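Note that the structure is predicted; figures quoted are calculated from it, not measured. Numbers for residues simply follow the sequence, beginning at 1.
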Amino acid sequence: MAKAAQPRAAKPAPARSRAPRAAAEPAAPPATPNRERPAEPQRYEASKAELLEFYRQMLLIRRFEEKAGQLYGLGLIGGFCHLYIGQEAVAVGLQSALEVGKDSVITGYRDHGHMLAYGIDPKVIMAELTGRAAGISKGKGGSMHMFSTEHKFYGGHGIVGAQVSLGTGLAFGHKYSNDGGIAMAYFGDGAANQGQVYESFNMAELWKLPIIFVIENNQYAMGTSVNRASSEDQLYRRGESFRIPGIQVDGMDVLAVRGAAEEAVKWVRAGKGPVLLELKTYRYRGHSMSDPAKYRSREEVQSVRDKSDPIEHAKKELEALGVKEDELKAIEKEIKAIVAESADFAEESPEPDLAELHTDILVGSYP
C-alpha cells in the first residue's frame, strides 16, 4: 500500500536586511500630452473704438433681422426665413478676426447675420430676401442661399451640415494655392450629429487644412434640446477622436468670442491644422418664422434676454468706458436709417425677369 504523501517543511523566511531604506524617488512629472493644443483663450481687450464697432455691427444685425421678420409677416419675404436674433455676438466676434476677401466663410441657412458681419451691403441682402433682381444672388437664392465671391462668402446652404464638407474644400483650396487664407465653416448643434461632418473632420486633420469649424450651439437645433438629441452634449469634444482640439466659448459675450477667435486663427494660420469652437449661444425666435417655439417657455427666453443679451452686455461695457447715452442713441438712429433704407430699396426693386430662370445654372458654356 502506498504511503501517504508527507507535507513539505516550510522554508525559513529570509532574514530582513538591516540596511537603511533608500530614500523615496521623486514623483515622476505629469505625462506630457501627446498633442499640442491652442493656448487658453483670454477675453479680448478691445479699445473703445473697437467695442463701439462691435456694438454697431451687432445692433445692425438685430435691427435688420427684426425688419426681416416684419417683412415676412407682410408677405414680402416668402419661403423659409431663419433669423439670427440673439446670436449676434458669434458672427461679429469671430469674423472681426478674419480678413475680408482673403479668408473664406461658409454657413447654413441662418445666414443674414454672417453676411452683415462680413461687410456686405444690407440693401442687397434685403433685396435677396424679398426675391428682387437687385439681390446679391439676383433674387433667385432667397434667405437661405446667399453668396458673394468678392467677399469670399460662400453661402447660405439649405441642406443641414452640407456646408461643413464644402468649407473643408475651401480650406483645401487655400492650402493648395498657398494664398495664406483660412476657412471658417459654421454649423449648428443639430448638424453636429451629421455623418459628413466627421468625414470632413478626418480629412481636415489628415491634411492639416487651415479651417476653423464653428458649432453655433443655440441649444435647440430645429426644436429638440441638445441634451435630448446628443449623447455627448459638450460639443467642443466632438473633434477629439480626430485629434482636433476643441474650445468651448461663451457665445453671448462678443469679447470672449473675439478672444477665442484670436487663438483659433493663430493656430490655423500657423499650419497646425483645424480647430473646433463650440459657441454656447441662444436664439430668441423660433427655428424659422413658421416655428411657434412651443418646446420652451417664454420665461426661459426672457430670462436669457435679461441676463445674457450680447448687445445689452456690450452697451454696459461701453458705458463703463465713458461712452455717453447720446452717442449710443446716435448709433441706434443711424442703424434704424440703414435698415429702413434697405427695406425701401428692396420693395422698390423689380423682381427678376422670367428669362433668369434659365441662367446661372452652369458656371460656363459647354457644347
Co-membership, hydrophobic cluster, residues Y118 and V124, 4.5 Å side-chain: yes
Ion pair check, R37 and E240, cut-off under 4.0 Å: yes
State whether the side chain of R237 and the backbone N or O of G246 hold a donor-acceptor pair below 3.5 Å, judged by distance alone. no
Taking the six-membered ring for Trp, are Y186 and H114 ring centroids under 6.0 Å apart? yes
Residues, nucleotides or ligands: over 12 heavy atoms within 6.0 Å of L321 CG: yes
So which atom in I61 and which in Y84 form the shortest heavy-atom distance, rounded to 0.1 Å? CG2-CD2, 3.9 Å
Which pair of non-hydrogen atoms, one from T281 and one from G86, has the smallest distance, and what is that distance? OG1-O, 3.7 Å
Taking every heavy atom of S349 against every heavy atom of A134, the minimum-distance pair comes out as OG-CB, 3.8 Å
Which of H151, K152, R269 passes side chain to side chain donor-acceptor pair (under 3.5 Å) with D103? It is R269
Can D360 and K138 be counted as an ion pair, charged N to O under 4.0 angstrom? yes
Pair Y44, E50: side-chain N/O donor-acceptor within cut-off below 3.5 Å: yes
Begin from the C-alpha positions of R238 and Y198 and carry the test side-chain hydrogen bond (donor to acceptor under 3.5 Å, both in side chains) through to its verdict. CA-CA 9 Å; R238 290 294 186 92; Y198 300 96; 2.6 Å; yes
Output for pair (D291 CG, C81 SG), nearest 0.5 Å, gives 12.5 Å
side-chain hydrogen bond (donor to acceptor under 3.5 Å, both in side chains) between H174 and S104, intermediate numbers included: CA-CA 9 Å; H174 283 302; S104 302; 2.7 Å; yes
Indicate yes or no: at least one non-hydrogen side-chain atom of L116 is less than 4.5 angstrom from one of F64. yes
Checking the side chain of Q248 only, and the main-chain atoms of E278 only, is there a donor and an acceptor separated by less than 3.5 Å? no
Q70 versus E66, side-chain donor and acceptor atoms under 3.5 Å: no
Check this for me: does any side-chain nitrogen of one of K140 and E356 sit under 4.0 Å from a carboxylate oxygen of the other? yes
Checking Y284 against D309: is there a side-chain donor and acceptor pair closer than 3.5 Å? yes
Below 6.0 angstrom between ring centroids: does that apply to Y109 and F80? no
Does L276 belong to the same Ile/Leu/Val/Met/Phe/Trp/Tyr cluster as I247, with side-chain heavy atoms less than 4.5 Å apart forming each link? no
What's the spacing between F187 CZ and S200 OG if we round to 0.5 Å? 8.5 Å
Is the shortest distance from a Lys or Arg side-chain nitrogen in K102 or E150 to a carboxylate oxygen in the other one below 4.0 Å? no
Are S137 and H145 close enough that a side-chain donor and a side-chain acceptor fall under 3.5 Å? no
Less than 4.0 angstrom from a charged side-chain N to a carboxylate O is my criterion; do E312 and K316 meet it? no
Is it true that E205 and R243 make a salt bridge, defined as a side-chain N closer than 4.0 Å to a carboxylate O? no
Taking every non-hydrogen atom, the tightest pair across R296 and G286: NH2-N, 4.3 Å
May I ask you to check whether F147 and F153 place their ring centers less than 6.0 Å from one another? no
Should M115 and Y154 be regarded as members of a common hydrophobic cluster, given that ILVMFWY residues are connected when their side-chain heavy atoms come within less than 4.5 Å of each other, either directly or indirectly? no
So among N217, T224, N193, which one has a side chain to side chain donor-acceptor pair (under 3.5 Å) with S230? N193
Can you list the steps and then say if H82 with H287 is a ring pair (Phe, Tyr, Trp, His ring centres under 6.0 Å)? CA-CA 6 Å; H82 307 80; H287 171 69; 4.9 Å; yes
Hey, any chance V164 and I244 share a hydrophobic cluster, counting ILVMFWY side chains that come within less than 4.5 Å of each other, even indirectly? yes
Looking at A314 and M58, what are the two nearest heavy atoms and their distance? CB-CE, 3.8 Å
Taking every heavy atom of P122 against every heavy atom of I338, the minimum-distance pair comes out as CG-CG2, 3.9 Å
Donor-acceptor side-chain pairing of Q87 and N218 below 3.5 angstrom: yes
Using the rule that two of Ile, Leu, Val, Met, Phe, Trp, Tyr join whenever any of their side-chain heavy atoms come within less than 4.5 Å, decide whether V257 and M184 are in one cluster. yes
Is a salt bridge present between K329 and E332, judged by a nitrogen-to-oxygen distance below 4.0 Å? no
